[in-house]
Participant: 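Have a look at this one.
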Protein chains: 2
Amino acid sequence: MYERIRNMREDRDMTQSQMAEYLRIHQTTYSDYEIGKLNIPLQVLDKIADLFETSIDYLVNRTNVEIPYPRKK
Amino acid sequence: MYERIRNMREDRDMTQSQMAEYLRIHQTTYSDYEIGKLNIPLQVLDKIADLFETSIDYLVNRTNVEIPYPRKK
DNA sequence: TGACTTTTAAGGGATATTCCCTTAAAATAT
DNA sequence: ATATTTTAAGGGAATATCCCTTAAAAGTCA
């Protein structure tokens with residue numbers, strides 16, 4: 001479901017547990033997200049976009065442009 | 001909370017009820033979103049970004065660039 | 001100003017979803 | 001092959017969602 005997030009994580013050689021630690025959630029919860037079993041909360045997408053240096057729009061497949069606009073705040 | 005969405009809606013002279021109709025949800029639910037009483041689901045942000053011709057990043061204040069990323073699909 | 005209309009928000013509850021736990025399965029390494 | 005690491009399934013208590021009714025606020029206009 002969230003193939004793009006999975007691929008970006010693997011590209012960076014990160015495990016689901018490492019992602020979960022960064023996000024401060026359980027590994028199984030993160031797995032549920034990647035699989036699409038659970039909806040990824042906005043706050044989580046926000047942190048993932050920062051980590052991967054991309055946009056939420058890219059993460060959720062609204063665009064194919066990976067580079068984000070200038071980050072605010 | 002979601003001041004930006006509220007402002008963009010008002011700029012377009014739309015009521016919460018009109019937004020709710022477009023999103024196919026109840027007006028009170030939409031109000032809950034704008035106020036920040038409920039989290040806005042991704043699917044809803046997606047439709048609002050389309051309606052307002054901007055990005056999810058802009059709607060949720062990740063960037064100040066209002067123009068959308070090139071739309072995929 | 002006051003009555004009327006329109007718009008927005010509060011309270012509350014049935015239902016749906018979330019998150020994490022345990023543990024199993026799958027993948028990888030030794 | 002077996003041990004280790006990584007990922008996913010099942011399930012349940014806790015939480016959040018969505019909408020209903022209705023109240024409050026804002027706008028209209030005689």
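Just so it is clear, the values below take in all heavy atoms, side chains as well, and ignore hydrogens, waters and symmetry mates. So that the names make sense, note that chain A is the first sequence line, chain B the second, and so on, each numbered from 1. This is a predicted model, so every value here is computed, not measured.
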Participant: Would you say the side chain of I5(B) lies within less than 4.5 Å of the side chain of N7(B), judging by non-hydrogen atoms?
Facilitator: no

Participant: Provide a list of protein-nucleic acid N or O atom pairs under 3.5 angstrom, restricted to nucleotides 23-30 of chain C.
Facilitator:
none

Participant: Tell me whether D46(A) is salt-bridged to R71(A), with the criterion being a basic N under 4.0 Å from an acidic carboxylate O.
Facilitator: yes

Participant: Please check if the side chain of R62(A) supplies one atom and the backbone of I56(B) the other of a donor-acceptor pair under 3.5 Å.
Facilitator: no

Participant: When all nucleic acid strands are considered with a 4.0 Å heavy-atom cut-off, which category describes Y30(B): base, sugar-phosphate, or nothing?
Facilitator: nothing

Participant: Please state how far atom CD in Q16(B) lies from atom P in dA9(C), giving the value in whole angstrom units.
Facilitator: 5 Å

Participant: Can you measure E21(B) atom CD to dT6(C) atom P for me and round it to whole angstrom units?
Facilitator: 15 Å

Participant: Separation of D13(B) atom CG from dG27(D) atom P, in whole Å?
Facilitator: 13 Å

Participant: Quick one: is dT18(C) close enough that its OP1 or OP2 comes under 4.0 Å of any side-chain N or O from Y33(A)?
Facilitator: no

Participant: Rounded to the nearest Å, what distance is computed from the CE atom of residue M19(A) to the P atom of nucleotide dT6(D)?
Facilitator: 15 Å

Participant: Measure CD/Q18(A) against C1'/dT5(D) and give the value in whole Å, please.
Facilitator: 12 Å

Participant: How many whole angstroms separate atom CD1 of I35(A) from atom P of dT6(D)?
Facilitator: 17 Å

Participant: Just the rounded figure in Å: distance from P of dC20(C) to CG of D32(A).
Facilitator: 10 Å

Participant: Quick one: label T15(A) by what it contacts on the DNA or RNA (base, sugar-phosphate, nothing), any heavy atom closer than 4.0 Å.
Facilitator: sugar-phosphate

Participant: With a 4.0 Å limit, can you tell me whether R6(A) has a side-chain N or O closer than that to the phosphate oxygens OP1/OP2 of dT6(D)?
Facilitator: no

Participant: Check this one for me: any side-chain N or O of S31(A) less than 4.0 Å away from OP1 or OP2 of dA8(D)?
Facilitator: yes

Participant: Please tell me if R9(A) has a side-chain N or O lying less than 4.0 Å from either OP1 or OP2 of dT6(D).
Facilitator: no

Participant: Nearest to the side chain of S17(B) - dG10(D), dT8(C), dC19(C)?
Facilitator: dT8(C)

Participant: Describe the nucleic acid contact of N39(A) in one word from base, sugar-phosphate, nothing, applying a heavy-atom distance below 4.0 Å.
Facilitator: sugar-phosphate

Participant: Quickly work out the L38(B) CG to dA9(C) C1' distance and round it to whole Å.
Facilitator: 12 Å

Participant: So, taking the atom named CD in Q16(B) and the one named OG1 in T29(B), what distance separates them when rounded to the nearest 0.5 Å?
Facilitator: 10.5 Å

Participant: Under 6.0 Å from the CD atom of E53(A), do we count more than 12 heavy atoms belonging to anything else shown?
Facilitator: no

Participant: Do Q18(B) and Y22(B) have a side chain donor and acceptor closer than 3.5 Å?
Facilitator: no

Participant: Find the distance between CD (E3(B)) and CD (E10(B)) and round it off to the nearest 0.5 Å.
Facilitator: 8.0 Å

Participant: Start at the 5' end of DNA chain C and walk down; is the nucleotide closest to E10(B) or to K37(B) reached first?
Facilitator: E10(B)

